[in-house]
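Scroll down for the structure; my scribbles are underneath it.
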Amino acid sequence: QQIFSGGVFLLLISLMAAITALLKSWMVGLVILLIVPVFVVVNRVLGKRIAQRSYEISELAGQSAAILQETLSAQQVVKAFGLERRVMSSYLGRLTAMVRAAISLMLTGHLYEGTITFATTLAELLVLIVGSLLVINGTIAEPGTLVTLFLLLPSIIGPLKQLADMGEVVQTASGSMQRATQILDE
């Protein structure tokens, strides 16, 4: 509920700033709006990977805990049949897989953040280039309009960035929640 209402508020802020930018200079406003699809695509593509990695980590953590619990509860049987190496190997294999999944999740998260940051920087650069050319050509009569557009940029991109960050958190949580639901259904 809170994430939804916060997301709607952020979208409204971004929308109002985008409308203002379009009214100031429709060409620069369109350049600013070109960044929106990047946020959507990154969230769709990398968000699914983040959810999958989170699910995988939860599953491996559960398997590791189950091996540990079984081993501790049957410690005398494990010792009696000389299964210590086998149990340790199985446990170590699960932990190694969990670490690999965690590293993969971390790398995917960094790729997600890096792509969003790159898109934001690219938008700022494009606004400066296109806006400067429009001022030089006389299409934008006042240089103050370019400054206004550049100052509006964080009001448009900032909320989108926050929404992308929320999306990453939600995707991570959804993977864990999916695993928890699967366990409860068993």
Side-chain angles (χ1 to χ4, degrees), residues 1-15 18 33-79 81-124 154-186:
Q1 172 90 16
Q2 190 176 17
I3 290 176
F4 177 75
S5 62
V8 170
F9 180 71
L10 290 172
L11 279 175
L12 285 175
I13 290 171
S14 189
L15 183 64
L33 292 179
L34 287 176
I35 201 69
V36 174
V38 174
F39 284 89
V40 173
V41 169
V42 167
N43 194 34
R44 294 269 184 206
V45 173
L46 294 179
K48 288 179 183 178
R49 287 185 188 171
I50 288 171
Q52 290 169 345
R53 299 299 182 268
S54 178
Y55 175 82
E56 188 179 334
I57 289 170
S58 296
E59 186 174 24
L60 290 167
Q63 291 172 359
S64 298
I67 290 171
L68 186 61
Q69 182 182 7
E70 289 171 9
T71 302
L72 291 176
S73 64
Q75 184 178 11
Q76 293 173 346
V77 174
V78 170
K79 281 186 176 182
F81 288 102
L83 300 173
E84 292 95 346
R85 287 182 190 250
R86 182 176 175 197
V87 169
M88 285 300 291
S89 174
S90 176
Y91 185 64
L92 185 61
R94 294 289 191 268
L95 288 179
T96 303
M98 193 166 73
V99 168
R100 283 189 185 126
I103 289 170
S104 178
L105 175 63
M106 182 188 67
L107 291 174
T108 305
H110 285 307
L111 179 61
Y112 188 96
E113 287 293 323
T115 305
I116 296 297
T117 302
F118 174 75
T120 302
T121 305
L122 184 63
E124 291 171 349
S155 297
I156 298 169
I157 293 179
L160 293 176
K161 215 172 166 185
Q162 289 177 337
L163 285 171
D165 291 343
M166 277 194 250
E168 183 181 9
V169 170
V170 168
Q171 292 295 342
T172 301
S174 74
S176 297
M177 187 63 187
Q178 187 180 20
R179 175 65 182 145
T181 304
Q182 182 185 28
I183 290 171
L184 292 174
D185 288 344
E186 290 177 357

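A search for side chain to side chain contact (heavy atoms under 4.5 Å, CB included) contacts involving E84 returns V78, K79, not counting sequence neighbours. By the side chain to side chain contact (heavy atoms under 4.5 Å, CB included) test, L33 pairs with A18, L22, V36, sequence neighbours left out. Remark: I13 pairs with F9, P159 by the side chain to side chain contact (heavy atoms under 4.5 Å, CB included) rule, at least two apart or across chains. Legend: residues meeting side chain to side chain contact (heavy atoms under 4.5 Å, CB included) with E124, ordered by chain and number and at least two apart, are T120, F150, L153.
The backbone N or O of R85 sits nowhere less than 3.5 Å from a side-chain atom of S89 that would complete a donor-acceptor pair. Listed for the S90 side chain is no donor-acceptor partner under 3.5 Å among the backbone atoms of R86.
Between L15 atom CG and L10 atom CG the span is 12.5 Å, to the nearest 0.5 Å. Rounded to the nearest 0.5 angstrom, H110 NE2 and L46 CG are separated by 13.0 Å. Interatomic distance, I67 CD1 to M88 CE, rounded to the nearest 0.5 Å: 11.0 Å. Interatomic distance, CD1 of I116 versus CG of L160, reported as 8.5 Å (0.5 Å rounding). With rounding to the nearest 0.5 Å, the separation of OH in Y112 from CD1 in I50 is 6.0 Å.
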Residues I157, F39; criterion side-chain contact (heavy atoms from CB on, under 4.5 Å); working and verdict: CA-CA 10 Å; I157 293 179; F39 284 89; 4.0 Å; yes

Worked check of side-chain contact (heavy atoms from CB on, under 4.5 Å) between D185 and T181: CA-CA 6 Å; D185 288 344; T181 304; 3.8 Å; yes

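Contacts classified as side chain to side chain donor-acceptor pair (under 3.5 Å) and involving residues 45-54 (residues at least two apart or in different chains) are given here: R53-S104, S54-S176.
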Scan the side chains in residues 92-102 for donor-acceptor partners under 3.5 Å anywhere in the protein, sequence neighbours excluded, and list what turns up.
| from | atom 1 | to | atom 2 | distance (Å) |
| --- | --- | --- | --- | --- |
| R94 | NE | Q63 | OE1 | 2.9 |
| T96 | OG1 | L92 | O | 2.7 |

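For M106, the CE atom is densely surrounded, since the number of other residues' heavy atoms within 6.0 Å is greater than 12.
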